[in-house]
Amino acid sequence: MTVRTRIAPSPTGDPHVGTAYVALINYCFAKKNGGKFVLRIEDTDRARSTRESEQAILDSLHWLGLSWDEGPDVGGPHGPYRQSERSEIYREHVQKLLADGNAFKCFCTPERLDDMRAAQRASKLPSRYDGLCTSLSADEVAKKEAAGIPYVVRLSVPAEGVCVVNDLRRGRIEIEWGSVDMQVLMKSDGMPTYHLANVVDDHLMEITHVFRGEEWLSSAPKHLLLYQYFGWEPPELLHLPLLRNPDKSKLSKRKNPTSILFYKAMGYLPDALLNFLGLLCVMPPEGEEIMDLPLMTDRFALEHISLGGPVFDVTKLDWLNGRYLRERNDLDSFMSKAGTWGLETDRLRRIAALAQPRIERLSDLGPLLAFFFAGRVAVTAEQLRTPKLDDVSLRKALQLASWGFDALTSWQTSDIEAVLKDVAARLDVKLRDVTRPFYVAITGSATSVPLYDSIDILGRDIVRERLRIALEVLGGVSSAELKEWAK
RNA sequence: GGCCCCAUCGUCUAGAGGCCUAGGACGCCGGGUUCUCAACUCGGUAACACCGGUUCGAAUCCGGUUGGGGCUACCA
């Protein structure tokens, strides 16, 4: 049997470094064993999935040097590789589960479910669907359906006993069936949930080894149960540790840049970033930590995957990137990379157009435009403060703008302007009273070239990071504030 | 709260009962080199979370404690 692994990203946001880390491990294992590596898009969340995000993920993984044997962009014998295009397949499988009595229709309202969970938590019970709709007779179900009451399909779970999950590195893990939820398998919009789609697809795509994030460990029993219901052989499972922030919490963009696009915009080289991720899962040769993909593949061994969640240590990435910059490039290749990074003609042209009206000597260019060629800019709380806003409003403005920028589906000066106008409106102040700190946070100075264009040219990832730094300089945002402002 | 996972220098890690006086890398500190800085080079700093077992012998095995993390959605 040939080894087949997969990476199954969900196109609901920026391409995450964690996705690249999991992809790298799946890639190396497959290639080391002469197998195939598959990329599948898990876009069953219709509200959040976008084609832009999907494209960005594919592009980013390619940028890093990873490639796949089958996927939505390259095709393959087990397609389609986009779950939104496989609805009919899931529907059939749900019908089978229903027919075999391994799943049931549930008409409960979200309100009832909320109340139920609150009560369970209050009495220290595991949160789990209470099975109300399992007692519905066929007649009652038919009647509700005829009345057009929306329903979901849930997984039937044994009331007693334990489920044994065999993890390739962790060994035998026992989980009580009583603590496993009767998971929704098909949503009321007819789309499958991850749990169903992932099992059906892994089987149909003949995936032999599932290496995925540790966050999936507790739902493994549901997946195993589905394999059993369908009469399929489950794949080998291995749950990978999650990448961490320096404070050991799960790597999150609130605390750290997580987007591959950010690292690209900062001027990290793809080989260095991939090498860095490799250091977290492949043991390098004695005394030399520089590894390219073929070497990482060759040295890859399951036994060397550590189970402790590694901190994403940017300092070490910096060192590695520096080595790539100076050791793996001659001057010509270095210049070419620097040019591609920041001096590409169209970008330079836009920047020049902003500067031309504002300078008297060409030598004014350096100080005026330096922030376009920097990663972070140094700012102090004092520089950020503005007479028209108190500290709380100031932080709120930065936070709201950050959220607003993240929510934009297109990145044009007009969109950027709209976000800032909305921020001003929500703070009930004039636009010009709110923009000053943004000049400081983004360009490093209160007097600079136009803000919207600067934000546009710098790009979403650098801007997000500069706003995050500004917020941090101002003392950070409390979780209470986050909750309040999110309304 | 409940369930589950994890635990070696600040960080990434080597280590699968004696080879451990715990090794390497990043960082940090100091020396050398050098027109400055960086790079390079030499040296130093620093860890087996804790408590009990098992064993002639434990970083390695077992149990407990503590700590960290994840999950607990009609998100993945």
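Numbers restart at 1 for each chain; the letters A, B, ... are given by sequence-line order, proteins then strands. Every heavy atom of this structure was used, including side-chain atoms; hydrogens, water molecules and symmetry mates were not.
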Task: Exam field: side chain A:Asp130 to backbone A:Leu132, donor-acceptor pair closer than 3.5 Å - done: yes
Open item on the list: Between B:C5 and B:G63, how far apart are the two P atoms, rounded to whole Å?
Closed with: 11 Å
Task: Heavy-atom closest pair, residues A:Pro15 and A:Ser60 - done: CG-OG, 3.1 Å
Open item on the list: Looking at A:Asn256 and A:Ser252, would you say the former's side chain and the latter's main chain have a donor-acceptor pair under 3.5 Å?
Closed with: no
Open item on the list: Suppose you measure atom P in B:G24 against the same atom in B:C9; what distance do you get, rounded to whole Å?
Closed with: 16 Å
Open item on the list: Using a 3.5 Å distance criterion without hydrogens, assess whether the side chain of A:Asp181 forms a donor-acceptor pair with backbone atoms of A:Tyr129.
Closed with: yes
Task: Residue matched to B:G30 through Watson-Crick or wobble contacts both under 3.5 angstrom - done: B:C42
- [ ] Would you mind telling me which of A:His223, A:Arg6, A:Arg4 makes a side-chain hydrogen bond (donor to acceptor under 3.5 Å, both in side chains) with A:Asp202?
- [x] A:Arg6
Task: Distance between C1' atoms of B:A25 and B:C62 (Å, rounded) - done: 33 Å
Task: A:Lys31 atom NZ: more than 12 heavy-atom contacts under 6.0 Å - done: yes
Open item on the list: Check whether A:Arg170 reaches the backbone of A:His239 with its side chain - one donor and one acceptor, N or O, closer than 3.5 Å.
Closed with: yes
Open item on the list: Between P on B:A14 and CD1 on A:Ile305, what's the gap in Å once rounded to a whole number?
Closed with: 11 Å
TODO: Starting from C1' on B:C26, measure out to CD on A:Glu288 and report it in whole angstrom.
DONE: 13 Å
Open item on the list: Whole angstroms only, please: what is the CG-C1' distance between A:Asp318 and B:A39?
Closed with: 15 Å
TODO: Nearest whole angstrom, please: distance from the P of B:C26 to the CG of A:Asn275.
DONE: 13 Å
Task: Watson-Crick/G-U partner (both atom distances under 3.5 Å) of B:C9 - done: none
Task: Presence of salt bridge, A:Glu288 and A:Arg323, under 4.0 angstrom - done: yes
- [ ] At under 4.0 Å between heavy atoms, which parts of nucleotides 30-37 of chain B does protein reach? Answer with one letter per nucleotide, 5' to 3': B base, S sugar-phosphate only, - none.
- [x] --------
- [ ] Could you say whether A:Pro284 or A:Ile175 is positioned toward the 5' end of RNA chain B, judged by the nucleotide with the nearest heavy atom to each?
- [x] A:Ile175
Open item on the list: Tell me if the centroids of the rings in A:Phe276 and A:Phe312 come within less than 6.0 Å of each other.
Closed with: yes
Task: Least distance between heavy atoms, A:Ile260 atom then A:Ala20 atom - done: CD1-CB, 3.9 Å
Task: Distance, rounded to the nearest Å, where A:Met291 contributes CE and B:C26 contributes C1' - done: 14 Å
Task: Distance, C1' atom - from B:C74 to B:G68, rounded to whole angstrom - done: 32 Å
TODO: Provide the closest heavy-atom pair for A:Leu113 versus A:Cys108 in the form atom of the first, atom of the second, distance.
DONE: CD2-CB, 4.0 Å
Task: Sugar-phosphate or base contact per nucleotide [nucleotides 5-12 of chain B; S, B, -; heavy atom under 4.0 Å] - done: BS----BB
Open item on the list: What's A:His239 touching, base or sugar-phosphate or nothing? Going by heavy atoms closer than 4.0 Å.
Closed with: nothing
Task: Same-atom distance (C1') from B:G17 to B:C29, integer angstrom - done: 37 Å
Open item on the list: How many whole angstroms separate atom CD of A:Glu286 from atom P of B:G15?
Closed with: 11 Å
TODO: Between A:Leu317 and A:Asp247, just flag the one whose closest nucleotide in RNA chain B comes earlier from the 5' side.
DONE: A:Leu317
TODO: Determine, for A:Arg40 against A:Glu42, whether the closest basic-nitrogen to carboxylate-oxygen distance falls under 4.0 angstrom.
DONE: yes
Open item on the list: For A:Asp271, is there an ion pair with A:Arg328 - N to carboxylate O distance below 4.0 angstrom?
Closed with: no
- [ ] Please state how far atom CZ in A:Arg244 lies from atom P in B:U13, giving the value in whole angstrom units.
- [x] 11 Å
Open item on the list: Taking B:G23 as the reference, what is the distance to B:A14 when you measure between their P atoms (whole Å, please)?
Closed with: 15 Å
- [ ] For B:U34 versus B:A59, give the span between their P atoms, rounded off to a whole number of Å.
- [x] 47 Å
Task: A:Trp319 CH2 to B:C28 P, straight-line distance once rounded to whole Å - done: 13 Å
- [ ] Using the P atom on both, measure B:G57 against B:A39 and round to a whole Å.
- [x] 49 Å
- [ ] Between protein and nucleotides 71-76 of chain B, map the contacts as a letter string: B base, S sugar-phosphate only, - none, heavy atoms under 4.0 Å, written 5' to 3'.
- [x] SSSBBB
TODO: Just name whichever nucleotide pairs with B:A73, Watson-Crick or G-U, keeping both distances under 3.5 Å, else none.
DONE: none
TODO: For A:Ser306, report the nucleic acid contact type (base, sugar-phosphate, nothing); a contact means any heavy atom under 4.0 Å.
DONE: sugar-phosphate
